[in-house]
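Comments concern the structure below.
All heavy atoms count here, side chains included; hydrogens, waters and symmetry mates do not.
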Amino acid sequence: MTVIQADKLTKRFGKFTAVDHISFEVKKGEIFGFLGANGAGKTTAMRMLCGLSKASSGLGRVAGFDIQKESEKIKKVIGYMSQKFSLYEDLTVRENIRLYAGIYGIPEKEISPKTDLLLENLGFSSEKNTLVKALPLGWKQKLSFSVAIFHDPVIVFLDEPTGGVDPSTRRQFWELIYDASQRGITVFVTTHYMDEAEYCDRVSIMVDGRIDAMDSPTNLKKQFQSPSMDGVFQQLARKAKRQAD
Amino acid sequence: MAESKYQMNRIMVQGHNIFRKYGKVQALSDISFEVMEGEIFGVIGPDGAGKTTLFRILTTLLLADQGQAMVNGFDVVEDYTSIRKKIGYMPGKFSLYQDLTVQENLDFFATVFNTTIEENYHLIRDIYVQLEPFKSRRAGALSGGMKQKLALCCALIHKPEILFLDEPTTGVDPVSRREFWEMLGKLKAQGITIIVSTPYMDEAEKCDRIALIQGGSFIQIDTPENIKDGYANPLYAVSSESMYALLKDLRSCERVKSCYPFGDAHHVTFFDDSFTSEDLEKFLQSKGHNDNNISKIRPTIEDCFMNLSSPGDAS
């Protein structure tokens with residue numbers, strides 16, 4: 001089943017083509033790595049898919065809805081997490097979950113047991129009344145991912161979710177991603193860590209607004225005759241003519 | 001340590017039992033280290049480990065609660081004005097004047113330090129040529145990569161003897177990161193001592209020596225090679241068709257001490273040497289994994305960091 005579909009999706013800002021006719025499909029439960037150098041157009045493409053920005057041309061469907069005409073419906077069935085903003089620092093762990101659950105319209109009586117279960121799985125039960133600002137960064141990242149998938153979205157979009165996190169937490173975070181994918185949640189993720197690209201089922205690499213390569217990490221390494229995804233990335237991204245952002 | 005035409009016998013930066021608290025949070029505890037002339041010294045650790053606090057103390061912008069620090073032979077408290085003339089500092093947060101142009105920012109920093117762009121142009125030339133097409137653009141309107149290059153130029157324009165770079169590559173893509181480290185290599189060749197912090201463990205390899213930092217403490221200081229040599233257990237890279245199932249099964253094996261995903265393979269150690277890779281192969285086949293690839297490997301700095309840092313301490 002296809003849950004994301006982009007067909008010649010394009011975004012222009014004045015004369016500048018930020019995203020240039022990208023086409024791809026992502027299947028249900030897939031972990032799809034969306035790579036590219038700074039300024040290659042990843043964030044712009046992701047914003048169109050999330051219904052936050054209108055495409056200049058091309059078609060896109062997310063979770064069965066048209067990104068141009070049904071963006072409000074899309075917002076209800078996706079989750080989103082970025083490194084920069086995710087949780088309210090001045091609310092407790094529990095209050096943050098409660099807030100997001102309310103926004104996504106989860107029935108009142110389900111929120112409490114679901115919250116307990118989530119905190120138990122994360123090993124956070126003792127911290128439920130702690131202010132988020134007092135949590136270590138790694139905990140915040142794990143919590144904000146859990147909050148982003150609390151309403152069981154069809155797709156979760158993750159924008160550089162592991163930046164600056166220590167190595168062990170970074171790995172625990174990817175186990176949460178695997179877990180979500182096994183439950184059928186599609187994961188659309190950007191990262192600058194090339195080892196993380198290896199954890200994806202498929203990877204696309206954007207260069208100057210286009211998708212210049214897309215396949216499984218194994219096939220990409222074969223295609224570009226490189227032992228690592230870092231090598232693949234370096235070969236492609238060095239071809240960029242556009243100035244980095 | 002990498003060979004250099006500079007004698008690595010002069011201590012340029014020295015910390016001695018440095019402590020610093022913010023409220024109840026112990027940001028730094030008992031930090032001691034030395035950086036020699038001409039070295040690239042990396043401070044490697046995650047966000048919140050104390051990297052920026054240490055940099056601010058060394059650049060005379062913050063007082064330690066306890067301990068001493070010397071930079072280029074001067075005490076960071078007594079002789080802070082002498083230090084400020086001799087160092088270049090690139091903070092983690094972009095701190096140039098957003099509404100001055102590229103050229104104006106550079107002129108400003110040169111003037112503050114009683115010099116001119118022309119006088120030290122040789123130091124910044126390689127970097128500045130990339131900025132030149134944008135020299136009349138306001139700094140606030142530059143892209144991230146260009147801001148980073150301008151900040152480095154401004155930190156270099158007074159020909160500092162020591163450069164402090166606080167997370168210059170955070171959030172930067174792998175290609176730009178590599179280019180940035182090439183620039184640092186050139187600066188090192190000019191004799192500048194460089195202290196640089198980063199959360200990216202792979203960048204450790206580009207440093208002469210590194211300090212691994214977590215939870216406000218240095219957990220080890222040495223050359224990257226020595227740190228890797230010090231990894232106690234034999235380390236294996238293990239891969240098969242289904243990597244997530246493999247991870248779970250490896251964790252379930254009672255002879256396995258540690259197991260972490262590392263890109264296209266899992267890195268695995270055993271509790272004792274009596275368990276061999278052949279034993280592991282048998283175990284994995286019993287769990288239904290065929291087509292396994294098990295090979296002994298040299299650890300990376302990231303393996304070492306995870307091995308040395310206490311798990312409960314993760315930031």
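The pair B:Glu225-B:Lys228 counts as a salt bridge, with a side-chain nitrogen and a carboxylate oxygen less than 4.0 angstrom apart. Ionic pairing of A:Arg94 and A:Asp116 is present here: one or more N-O contacts between side-chain nitrogen and carboxylate oxygen are shorter than 4.0 angstrom. Between A:Asp195 and A:Arg170 there is a salt bridge, since at least one side-chain N of the basic residue sits less than 4.0 Å from a carboxylate O of the acidic one. With salt bridges taken as basic N to acidic carboxylate O contacts below 4.0 Å, one links B:Asp126 and B:Lys186. In summary, B:Arg177 and B:Asp202 engage in a salt bridge, as defined by a charged side-chain N under 4.0 Å from a carboxylate O. Electrostatic pairing of A:Arg183 and A:Asp152 counts as a salt bridge here, judged by a charged N lying under 4.0 Å from a carboxylate O.
Scanning residues 233-250 of chain B against chain A with a 4.5 Å heavy-atom cutoff picks out B:Tyr244, B:Leu247, B:Lys248, ordered by number.
Heavy atoms of A:Pro167 lying under 4.5 Å from chain B belong to its backbone as well as its side chain. For a residue to count as touching a neighbouring chain, one of its non-hydrogen atoms must lie under 4.5 Å from one of that chain's; by this rule A:Glu196 does not touch chain B. Only the side chain of B:Glu179 comes within less than 4.5 Å of a heavy atom in chain A; its backbone stays farther off.
Among B:Arg251, B:Gln148, B:Met201, the residue making the largest number of heavy-atom pairs under 4.5 Å with chain A is B:Arg251. Chosen from B:Gly171, B:Ala265, B:Pro199, the residue pairing most often with chain A at heavy-atom distances under 4.5 Å is B:Gly171. When the candidates A:Met229, A:Lys221, A:Glu175, A:Arg171 are compared by the number of heavy-atom contacts under 4.5 Å with chain B, A:Arg171 comes out ahead. Interface summary for chain B: among A:Lys140, A:Glu160, A:Gln182, A:Met194, the most heavy-atom pairs under 4.5 angstrom belong to A:Gln182.
For A:Tyr193, the ring-ring contact (aromatic ring centres under 6.0 Å, His included) partners are B:Tyr200, not counting sequence neighbours.
No hydrogens or angles considered: nothing links the side chains of B:Glu167 and B:Thr198 as a donor-acceptor pair under 3.5 Å. Of the N and O atoms on the side chains of A:Ser53 and A:Lys11, at least one donor lies less than 3.5 Å from an acceptor on the other residue.
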